Amino acid sequence: MLLRSRLVAAEDLARASVPEGMQELTVALEPERAVGGTLGAGDTVGVVLSFEPFERDKSQGGGKTPNMSHLTFHKVVVTSVQFDPNESTPSLGGDGDDEEEDVERAPSNRLLVTLALTSPQVEQAVFAAEFGHIWLTAEPADADESGTRIVTLGEVYGSAAVAGAQP
């Protein structure tokens with residue numbers, strides 16, 4: 001179904017080039033999963049893949065996997081972001097007379113975020129979109145990528161989390 005809300009004027013369409021050897025994949029995300037909807041073409045993001053428990057088959061020992069999240073991809077280029085700029089959102093500022101009281105409005109509908117990914121990354125992102133969740137972080141070129149790991153509930157509240165805590 002073609003929706004008028006998904007159409008934009010050609011002059012409003014911003015796109016970043018796709019790095020050589022990459023392909024584009026579009027994921028639909030709620031604004032809170034995409035840095036509040038503030039992303040734009042040319043930005044770089046970290047991609048967090050998050051999963052609820054899966055039932056393992058007998059060849060894997062049976063039982064369930066733990067809930068888990070991991071900042072899996074780093075410095076991924078956003079090639080396009082689409083949302084309906086005319087959507088109605090509640091006013092978050094004052095009565096409109098005082099510009100200092102106005103708060104930037106975030107989109108309330110899903111965003112279509114297009115990412116430049118390698119083939120293996122596409123497979124992982126599609127799996128997460130189908131069976132888990134995807135979160136994006138604003139990740140500039142100088143962002144520190146060290147210390148990431150697969151995080152489970154035990155990692156969040158267990159001894160590993162306490163040992164890594166900063167004073």
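These numbers come from a predicted model, not from an experiment.
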Does a side-chain heavy-atom distance below 4.5 Å link [X] with [Y]?
{"X": "L115", "Y": "V78", "value": "yes"}
{"X": "H133", "Y": "R33", "value": "yes"}
{"X": "N67", "Y": "P53", "value": "yes"}
{"X": "V122", "Y": "Q23", "value": "yes"}
{"X": "L71", "Y": "E145", "value": "no"}

Mind checking whether [X] and [Y] sit in one hydrophobic cluster, side chains of I, L, V, M, F, W, Y counted as touching below 4.5 Å?
{"X": "V76", "Y": "V27", "value": "yes"}
{"X": "L49", "Y": "V45", "value": "yes"}
{"X": "V48", "Y": "V156", "value": "no"}
{"X": "V81", "Y": "V77", "value": "no"}
{"X": "V18", "Y": "V126", "value": "no"}

For the residue pair [X] and [Y], what are the closest heavy atoms and their distance?
{"X": "F83", "Y": "L111", "answer": "CB-CD2, 3.4 Å"}
{"X": "T44", "Y": "A141", "answer": "OG1-N, 4.4 Å"}
{"X": "A116", "Y": "T79", "answer": "CB-CG2, 4.1 Å"}
{"X": "A28", "Y": "L112", "answer": "CB-CD2, 3.9 Å"}
{"X": "S69", "Y": "S50", "answer": "OG-OG, 2.7 Å"}
{"X": "E55", "Y": "G63", "answer": "OE2-O, 3.2 Å"}

- Find the distance between CD1 (I134) and CZ (F73) and round it off to the nearest 0.5 Å.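 Nearest 0.5 Å value for the CD1-CZ distance: 8.0 Å.
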
Problem - Distance, nearest 0.5 Å, that separates CD of E32 from CH2 of W135 - result: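 Answer for the CD-CH2 pair, E32 versus W135, is 6.0 Å.
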
I'd like to know if the side chain of [X] and the backbone of [Y] have a donor-acceptor N/O pair within less than 3.5 Å.
{"X": "T114", "Y": "L25", "result": "no"}
{"X": "Q121", "Y": "T118", "result": "yes"}
{"X": "T26", "Y": "V113", "result": "no"}
{"X": "K75", "Y": "D142", "result": "no"}

Would you please test T148 and H70 for side chain to side chain contact (heavy atoms under 4.5 Å, CB included) and show each step? CA-CA 7 Å; T148 65; H70 184 241; 4.0 Å; yes

Between Q124 and T72, does any side-chain donor sit less than 3.5 Å from a side-chain acceptor?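 Short answer, no.
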
Any idea how F127 and F51 line up, ring-wise: parallel (<30°), tilted (30 to 60°), or perpendicular (>60°)?
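Judged by the thresholds at 30° and 60°, the geometry between F127 and F51 is tilted.
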
Counting only heavy atoms not in E24, do more than 12 sit closer than 6.0 Å to its CD atom?
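Correct, the count exceeds 12.
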
